[in-house]
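Comments concern the structure below.
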Amino acid sequence: MSFPLLTATAALPAIGAIATAAVPAARRTAAKWLALLFSLGTLGLAVAVLVRFDPGGERYQLTESHAWIEDFGVRYELGVDGIGVALLALTALLVPFVILAGWHDADPLETASKRWRPTQGFFALILMVEAMVILSFEATDVFLFYILFEAMLIPMYFLIGGFGDRAHAGDDTKAAAQRSYAAVKFLLYNLAGGLIMLAAVVGLYVVAGNFSLPDIAAARASGELDMATQTERLLFLGFFFAFAVKAPLWPLHTWLPNAMGESTAPVAVLITAVVDKVGTFAMLRFCLGLFPEASRWATPAIIVLALVSIVYGALLAVGQRDIKRLIAYASISHFGFIILGIFAMTSQGQSGATLYMVNHGISTAALMLVAGFLITRRGSRLIADYGGVQKVAPVLAGTFLVGGLATLSLPGLAPFVSEFLVLVGTFARYPAAGIVATTGIVLAALYTLVLYQRTMTGPVKEEVRSMPDLRPRELAVITPLIALLLFLGVYPKPLTDIVNPAVRHTMSDVQQKDPRPDVEAAK
């Protein structure tokens, strides 16, 4: 039997979570280093997956299949395509930076209530989220994916509700209430989506007789499995609703600003750059793969919702006074672009959507983590409490600017390639939708540049006059992320070579071809 590389990639952070949690309470620093080492080991295994993956080979590679619950046809079945490999690598890449950035976020707080924060638990929960997210990108058994889809809510709930900004340390009661509200809202929204998905998973088993995604897809292609149109559409809606909550898509998005606003910056990165990608990934793998006719049927409505997300999220970002909530609403707008690219049903759109998932993860991590460093220094999330930071902390301001420019998809930075492909793919089939989506670009420039102007330029406020610049640990977090944004911005080919073959398979699933250019109209 060959080495189970996919299982190992998910098992290592899970083992790391257990080992980190078991470290004695007095040895907090040892727990941090142990968590970091396990995350770096996971990154090494993710690199091994990338090396062994052949973009021109079989659709699902490095496959593993073992009996699990035989009476119900449930198997422990794994396999990755180009889209899954890209997101697996993104997750493994970001978690070490999340751990480094949150190095002191779970240290004990000396406050009026003498609240003790379990440092070991904080880092163990991060590793457990990593394990579940990676395994969800690998799962090709629908039931196994559902279990992971729901289980990752538990550690995320404790990360949101148990650990908050040190900026709120002076008001424990109010801060705890806000965190509790955000955590419960996150949990209830996602549990509601998961319960509806569970009904659809059961319905899929009744219709197909098993949970294996490759087997169901093959049966559908050969004509052995013929779903009734109404049945397929109902099952599609059950899956899509859960994924739209996780993504998040308007109007199911309202949990995200609360969750990101009340979390520490590293946990906010974990939410939007890692966990939320499971929703958009699942739209490609499960919605389009299992329900092609229903996907085509629902496309017009989903495109409208995606456009609303793009414009609505950007408009609310413009009006925000809270730095982290601004980034949260910007992410809602970006997820609208991702979903628009997926359901444009063109190869350019879906390639752009997949690239957007990766590049949004990197750019949002860079911006949010620098924002976290800034907030920790000043003790406030309010934009109005800053001013003139670039004069006292030029490196911090410079990295904040690069992260912001990446967020608005400046040419030369990685998100530009993604957004350009999404818009090209959308214009090819839905020109009106493409025109509306471009307003998101204009609004992104507005909220990003206004944020930078109000926080970094102008007279130096007294409260930021003694603000220190980025420290070596913080530079070690931000520098590689900025380097990646630059590299993928000018040379995205390594990523597109992995993604494009998987996109062609997805286009084949939904029986769609790219529309031919209208040469006469162009004249």
Side-chain angles (χ1 to χ4, degrees), residues 93-94 96-105 165-167 260 264-266 268-269 273 317-318 320-328 330-331 359-416 444-490:
L93 173 72
L94 290 182
F97 296 125
V98 166
I99 291 172
L100 266 179
W103 202 252
H104 297 298
D105 284 357
D165 281 340
R166 300 179 75 85
M260 289 183 66
T264 65
V269 170
V318 171
Q320 288 304 305
R321 296 181 296 172
D322 182 309
I323 296 174
K324 290 170 70 176
R325 289 179 71 90
L326 185 152
I327 298 172
S331 290
N359 294 331
H360 170 265
I362 300 170
S363 62
T364 299
L367 181 61
M368 178 60 83
L369 293 179
V370 177
F373 299 149
L374 180 71
I375 291 166
T376 300
R377 284 160 166 74
R378 173 66 177 84
S380 172
R381 302 191 327 231
L382 296 179
I383 297 172
D385 289 339
Y386 296 87
V389 173
Q390 67 180 13
K391 297 177 182 177
V392 297
V395 178
L396 187 154
T399 53
F400 190 83
L401 178 61
V402 175
L405 293 177
T407 298
L408 63 83
S409 299
L410 185 77
L413 296 174
F416 170 76
L446 180 61
Y447 62 68
T448 300
L449 296 177
V450 168
L451 171 64
Y452 183 83
Q453 179 189 33
R454 292 178 178 175
T455 55
M456 302 295 162
T457 66
V460 180
K461 290 205 172 183
E462 190 62 35
E463 294 83 359
V464 304
R465 193 170 297 279
S466 60
M467 181 178 290
D469 214 334
L470 291 182
R471 302 179 178 91
R473 173 181 60 84
E474 296 165 336
L475 282 171
V477 171
I478 298 302
T479 304
L481 295 175
I482 291 177
L484 269 174
L485 289 173
L486 291 168
F487 175 76
L488 292 175
V490 299

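Formation of a donor-acceptor pair under 3.5 Å by the R378 side chain with backbone atoms of Y386 is not found in this model. Side chain of K461 to backbone of T455: no donor-acceptor contact under 3.5 angstrom is found.
A salt bridge (Lys or Arg N to Asp or Glu O under 4.0 Å) check over residues 472-483, counting only residues at least two apart or in different chains, returns the pairs R377-E474, R471-E474. Sorted by first and then second residue, the pairs that involve residues 360-373 and meet side chain to side chain donor-acceptor pair (under 3.5 Å), not counting sequence neighbours, are K277-H360, S331-H360, H360-T364.
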ask   = Where do L405 and L401 land on the side chain to side chain contact (heavy atoms under 4.5 Å, CB included) test, with the steps shown first?
value = CA-CA 6 Å; L405 293 177; L401 178 61; 4.0 Å; yes

inquiry  = Test side chain to side chain donor-acceptor pair (under 3.5 Å) on Q320 and Y447; report intermediate values, then the result.
reply    = CA-CA 9 Å; Q320 288 304 305; Y447 62 68; over 6 Å; no

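V370 has its side chain out of reach of L374: every pair of non-hydrogen atoms, C-beta onward, lies at least 4.5 Å apart. Inter-residue side-chain proximity for L484 and L93 is flagged as met; some heavy-atom pair is nearer than 4.5 Å. Considering only heavy atoms from C-beta on, V389 comes within 4.5 Å of M467 through its side chain. Side-chain contact between K324 and M368 is present, with heavy atoms from C-beta onward closer than 4.5 Å. No side-chain heavy atom of N359 sits less than 4.5 Å from a side-chain heavy atom of L413. Side-chain contact between P266 and L369 is present, with at least one heavy-atom pair separated by less than 4.5 Å.
Atom-to-atom distance recorded for Y452:OH and L449:CG is 10.0 Å, nearest 0.5 angstrom. Here the CD1 atom belonging to I323 is positioned 5.5 Å from the CZ atom belonging to F400, to the nearest 0.5 angstrom. Considering CG of D322 and CZ of R381, their distance stands at 4.0 Å, rounded to 0.5 Å. In this structure, L396 CG and L470 CG are separated by 4.5 Å, a value rounded to the nearest 0.5 Å. Rounded to the nearest 0.5 Å, atoms CG (L326) and OG1 (T407) are 9.5 Å apart.
Residues L94 and A273 approach most closely at CD1-CB, 3.7 Å, considering heavy atoms. Among all heavy-atom pairs drawn from L488 and A414, the shortest one is CB-CB, 3.7 Å. Contact record, S380 with L382: OG-N, 3.1 Å, taken as the closest heavy-atom pair. Shown here for F97 and P480, the closest heavy-atom pair between the two residues is CZ-CB, 3.6 Å. The shortest heavy-atom contact between I327 and A371 is CD1-CB, 4.1 Å.
For V460, the side-chain contact (heavy atoms from CB on, under 4.5 Å) criterion is met by K391, V392, V464, R465, not counting sequence neighbours. Applying the side chain to side chain donor-acceptor pair (under 3.5 Å) criterion to D469, with sequence neighbours excluded, gives no partner residue. I482 pairs by the side-chain contact (heavy atoms from CB on, under 4.5 Å) definition with T399, V402, I478, L486, not counting sequence neighbours. By the side chain to side chain donor-acceptor pair (under 3.5 Å) test, S409 is found to be paired with E419, residues two or more places apart in sequence or in another chain being considered.
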